[in-house]
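One structure is given below, encoded as structure tokens.
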Amino acid sequence: MDGSLDQLMRLLSNRGLEWLRQRIMALPEAMSVDHPDLGALAMVGQAAPVLSGLRGRISPMEVIVMRRLTPDLVRAGAIRVLEGARTPDLVRLMLAGGLVACDDPLWQMACETLAEDAALPLPQRLALSDDPALLAQAERVLTTPPRRITPDHVTTVAQLLMQLYHYGARRPRLSQARAFTQIFDHLRGLADWAQAAGCTASVAQVAFCLRLLDEDYPLSEMVSDLIQVQRPDGSFPARLGFGTADQELAQAAGPTVLVAMALHMAAWRRWRGAAPVWLQPHPLRTATRLLADRLARAHIPDALALHAATSLTRATGQDWLRRLSAPRGAEPALLADLARVCFRDPISARHLRRWLDLPRLPAGPATLDRVEAAWLSGAPVLIASPLPPALTALWERAARTGDDALFMDCARIALHHGDGVPGPLIRDRARRMAARALTAQDSVPDMLASLDRLSLLAQLLEPEPAAAAAA
């Protein structure tokens, strides 16, 4: 493209972004997750980091959208998702939530829940997970031309390719080199259909994706179709064609955002920002630490001091027992609770063993209590084979019915077996329990019980890499 067209694309892109800025700033500062323009705001929030990456510096749109896309809004949406809500606006809010809430365990758990939901479209699941199985499904869709092209198919293909390429920040690893040629041929067929159909979103998305595959692909014809339909207010219509009427945010946010992305890709040609790094979050462990911080700031009664110090040591790895004073003894019932808290956690067991005068363990059958007491005393403990199918079935039934008491009993038994991979039902129930513990205003005893539950679930569902490697 020549310099004049390049300059025109940047100018018209900035006009579209100015229209978005005006509409976004007109939204209330404290938005609700039920606001009708939530989906449009989330769509802009999802695209803003892409514009920044193509520019090589922070886009003004990223700064503007963060004035309305707040951590509190994302947190409220994450709670809804963990409770089972799956509205398109909430899903899109989770896709955009990493811009302002990437360290929030509630958002991380909501993303994991959505990524495991087979009922969601594949592009949305792929945006939330780096699962190789999802990558293989995406490659099959991209390399298989459809019998009949529709706008939904164009959107699916474009979003899948954008996610595989991280919008240009990386090149994906496909099963074979020929797959890139097949995808390119597929896209060229979609480009012809999109221009003939006059669908603004389809033309913009295909243009963006063609440049992902080939930085030198000529986009002059497709870009010309897009820039000539911009309305006087700066927005873009859903259909290619002349018009002068002003548009509302919910009506034109989608086409305007997609055209802005396409014009950015055509003008800047490639990703110029830092390459994103996929980090595997551990939201249950993060939630456990946050709950431990709340408990540490609370006034703990003397009767719960030893139990609380042991639980905080288990959750944080710090020696909270040193803050206690003598006597260094405990009743048998409390000893059993402490042994249960410390089971299979060498750090808390070692600290408690040093602080506490443990009685000699008498001979007897290998019950759960005795095995946990043996671990606390430092005696050898045999961890059984992987989870029995009957235990897994009972655990999943408790998760399905919401029986938290039975669920935690099964979790306690599972800790006495080899490390397994609990199914989606169990993981989903654990995330709901974690979300409830983080959002509830509990008393100190209830907070302490929740902390013990989260520590146990985090050890089962998110084992430490070093411990897993050693096992």
Side-chain angles (χ1 to χ4, degrees), residues 16-52 59-115 117 119-121 123-128 152 155 159 162-163 167 200-201 204-205 233-238 246-261 431 435 438-439:
L17 296 182
E18 173 61 19
W19 177 85
L20 287 170
R21 184 195 70 80
Q22 294 175 3
R23 298 305 187 275
I24 290 174
M25 295 307 296
L27 296 174
E29 292 187 10
M31 282 189 64
S32 165
V33 291
D34 297 317
H35 195 281
D37 288 328
L38 176 66
L41 175 65
M43 182 183 300
V44 179
Q46 192 177 359
V50 180
L51 303 183
S52 298
S59 168
M61 187 52 55
E62 185 171 341
V63 178
I64 293 165
V65 77
M66 290 174 66
R67 297 181 182 178
R68 296 296 182 266
L69 186 66
T70 61
D72 290 339
L73 178 62
V74 175
R75 186 182 182 90
I79 294 173
R80 290 276 189 94
V81 169
L82 291 170
E83 291 173 350
R86 295 292 185 274
T87 63
D89 288 352
L90 284 176
V91 174
R92 190 172 291 278
L93 178 62
M94 294 302 100
L95 293 174
L99 182 63
V100 295
C102 60
D103 295 328
D104 189 336
L106 288 173
W107 174 78
Q108 294 171 354
M109 289 188 289
C111 290
E112 289 184 351
T113 300
L114 292 177
D117 190 345
L120 287 181
Q124 294 178 347
R125 298 179 64 197
L126 188 63
L128 298 168
D152 289 341
T155 299
Q159 290 181 355
M162 290 177 188
Q163 296 303 329
Y167 299 96
T200 304
Q205 291 178 104
D233 63 352
S235 65
F236 287 85
D246 292 347
Q247 302 185 97
E248 298 298 327
L249 180 63
Q251 177 186 7
T256 304
V257 167
L258 292 174
V259 172
M261 290 174 57
R431 296 183 194 116
L438 286 178
T439 56

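Residue numbers start at 1 and run along the sequence shown. All of these numbers come straight from a predicted model, not from anything done at the bench.
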To the nearest 0.5 angstrom, please state how far the [atom1] atom of [X] sits from the [atom2] atom of [Y].
X      : Y      : atom1 : atom2 : result
Gln251 : Asp246 : CD    : CG    : 10.0 Å
Leu258 : Thr155 : CG    : OG1   : 8.0 Å
Gln22  : Leu27  : CD    : CG    : 12.5 Å
Leu95  : Gln124 : CG    : CD    : 5.5 Å
Glu112 : Leu82  : CD    : CG    : 10.0 Å
Asp103 : Gln108 : CG    : CD    : 7.0 Å

Do [X] and [Y] come close enough that some side-chain heavy atom pair is under 4.5 Å?
X      : Y      : answer
Ile79  : Glu83  : yes
Leu17  : Thr256 : no
Trp107 : Met94  : yes
Asp117 : Arg125 : no
Leu69  : Met31  : no
Leu73  : Leu38  : yes
Asp104 : Pro71  : no
Ile64  : Met25  : yes

Over all atoms of both residues, closest heavy-atom pair of [X] and [Y]:
X      : Y      : result
Ala250 : Asp37  : CB-OD1, 3.5 Å
Leu90  : Val81  : CB-CG2, 4.3 Å
Gln247 : Phe236 : NE2-O, 3.3 Å
Leu128 : Cys111 : CD2-SG, 3.6 Å
Ala42  : Ala96  : O-CB, 3.3 Å
Val257 : Ala47  : CG1-CB, 3.4 Å

Original post:
Do Gln163 and Gln159 have side-chain N/O donor and acceptor atoms under 3.5 Å apart?
Top reply: no
Subject >> Exercise: do Asp233 and Ser235 side chains pair donor with acceptor under 3.5 Å >> reply: yes
**OP:** For side-chain contact (heavy atoms from CB on, under 4.5 Å), just list the numbers for Val100 and Thr70, CA-CA rounded to whole Å, side-chain angles, deciding distance to a tenth of an Å, and then say yes or no.
**Re:** CA-CA 6 Å; Val100 295; Thr70 61; over 6 Å; no
Original post:
For Arg86 and Thr113, what are the C-alpha separation, side-chain angles and deciding distance, and is it a side-chain contact (heavy atoms from CB on, under 4.5 Å)?
Top reply: CA-CA 11 Å; Arg86 295 292 185 274; Thr113 300; 3.2 Å; yes
Do any N or O atoms from the side chain of [X] and from the backbone of [Y] form a donor-acceptor pair under 3.5 angstrom?
X      : Y      : result
Thr200 : Ala238 : yes
Glu29  : Arg68  : no
Arg21  : Met61  : no

Subject >> Evaluation steps, side-chain contact (heavy atoms from CB on, under 4.5 Å), between Leu20 and Arg23 >> reply: CA-CA 5 Å; Leu20 287 170; Arg23 298 305 187 275; 5.9 Å; no
Original post:
Around Glu248, counting heavy atoms of other residues, nucleotides and ligands shown, do more than 12 lie under 6.0 Å from its CD?
Top reply: no
**OP:** Run the numbers on His35 and Asp89 for side-chain contact (heavy atoms from CB on, under 4.5 Å), then give the verdict.
**Re:** CA-CA 9 Å; His35 195 281; Asp89 288 352; over 6 Å; no
Subject >> Salt bridge Asp34-Arg80, side-chain N to carboxylate O under 4.0 Å >> reply: yes
